[in-house]
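Data block below; observations after.
The model shown is predicted, which means the values in this text are computed figures rather than measured ones.
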Amino acid sequence: QVQLVESGGGLVQAGGSLRLSCAASGSAFSINVMGWYRQAPGKQRELVASFTSAGRTNYGDSVKGRFTISRDNAKNTVYLQMNSLKPEDTAVYYCKGERFGNIYWGQGTQVTVSS
C-alpha cells in the first residue's frame with residue numbers, strides 16, 4: 001500500500017519557524033511527491049508549495065518569500081521550511097504525491113500559530 005506520512009507540525013508562536021517532512025513508503029515503486037497543500041476549518045484546500053515539471057518551485061501567494069520546499073532523493077522525503085509564521089498559517093498541512101497518474105495524499109499534520 002502506497003503511503004505518504006507527514007510530520008513536524010505543532011504549536012508555534014507568530015514569527016517562529018517549523019519544518020515539515022513528507023516521507024513516502026509502502027511501495028516498491030517511487031512516488032513523485034508534488035508538493036504541499038493546507039486546509040483550515042471551513043476553507044478549501046489550497047496550494048502551499050509545489051515542484052514544477054521542470055524541477056523548479058512554485059508557491060502560493062500568501063506564503064511566497066516565507067516558505068521553502070525542498071527534497072532529499074536518497075531519503076525519499078520532501079520538506080517544507082516555514083519561517084515568519086503567522087496565525088493565518090494555522091491549518092492541517094498535507095503532502096501530495098503522484099504515481100502512474102494516480103494522486104495520493106498523506107494523513108496531514110496540524111500546524112497552529114498563536115498570536
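- The side chain to side chain contact (heavy atoms under 4.5 Å, CB included) test with Val111 is passed by exactly one of Val92, Leu20, Leu11, Leu80: Leu20.
- Listed by chain and residue number, Asp61 satisfy the salt bridge (Lys or Arg N to Asp or Glu O under 4.0 Å) test with Lys64 (two or more places apart in sequence, or in another chain).
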**Study point:** CA sep, side-chain torsions, deciding dist, call: Phe67, Leu85, side chain to side chain contact (heavy atoms under 4.5 Å, CB included)
**Key:** CA-CA 9 Å; Phe67 292 9; Leu85 283 162; 3.8 Å; yes

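- Within the model, atoms CD1 of Ile31 and CG of Leu4 stand 4.5 Å from one another, a figure rounded to the nearest 0.5 Å.
- For the atom pair Trp105 CH2 and Cys95 SG, the distance stands at 9.0 Å (nearest 0.5 Å).
- In this structure a side-chain-to-backbone donor-acceptor pair under 3.5 Å is present from Glu98 to Gly101.
- Taken to the nearest 0.5 Å, the SG atom of Cys22 stands 9.5 Å off from the CZ atom of Arg71.
- A distance of 9.0 Å separates OG1 of Thr52 from CE of Met34, quoted to the nearest 0.5 Å.
- Counting heavy atoms from C-beta outward, Asp72 and Tyr79 have side chains that approach closer than 4.5 Å.
- The shortest side-chain heavy-atom distance between Arg99 and Asn102 does not fall under the 4.5 Å cut-off.
- When side chains are defined from C-beta on, Met82 does not count as touching Arg19, because their heavy atoms never get closer than 4.5 Å.
- Sequence neighbours left out, the pairs with a member in residues 85-97 that pass side-chain hydrogen bond (donor to acceptor under 3.5 Å, both in side chains) are Arg38-Asp89, Arg38-Tyr93, Arg66-Asp89.
- Rounding to the nearest 0.5 angstrom, the gap separating the CG atom in Asn32 from the OH atom in Tyr104 is 12.0 Å.
- Residues Ile69 and Val78 form a side-chain contact, since some pair of their non-hydrogen atoms from C-beta on lies under 4.5 Å apart.
- When all heavy atoms of Leu47 and Ser50 are compared, the pair lying nearest together is CD1-CB, 3.8 Å.
- Of all non-hydrogen atoms in Ala14 and Ser115, the two that sit nearest each other are CB-CA, 4.4 Å.
- Residues satisfying the side-chain contact (heavy atoms from CB on, under 4.5 Å) criterion with Ser17, sequence neighbours excluded, are Gln81, Asn83.
- The shortest distance between side-chain heavy atoms of Phe51 and Val33 does not fall below 4.5 Å.
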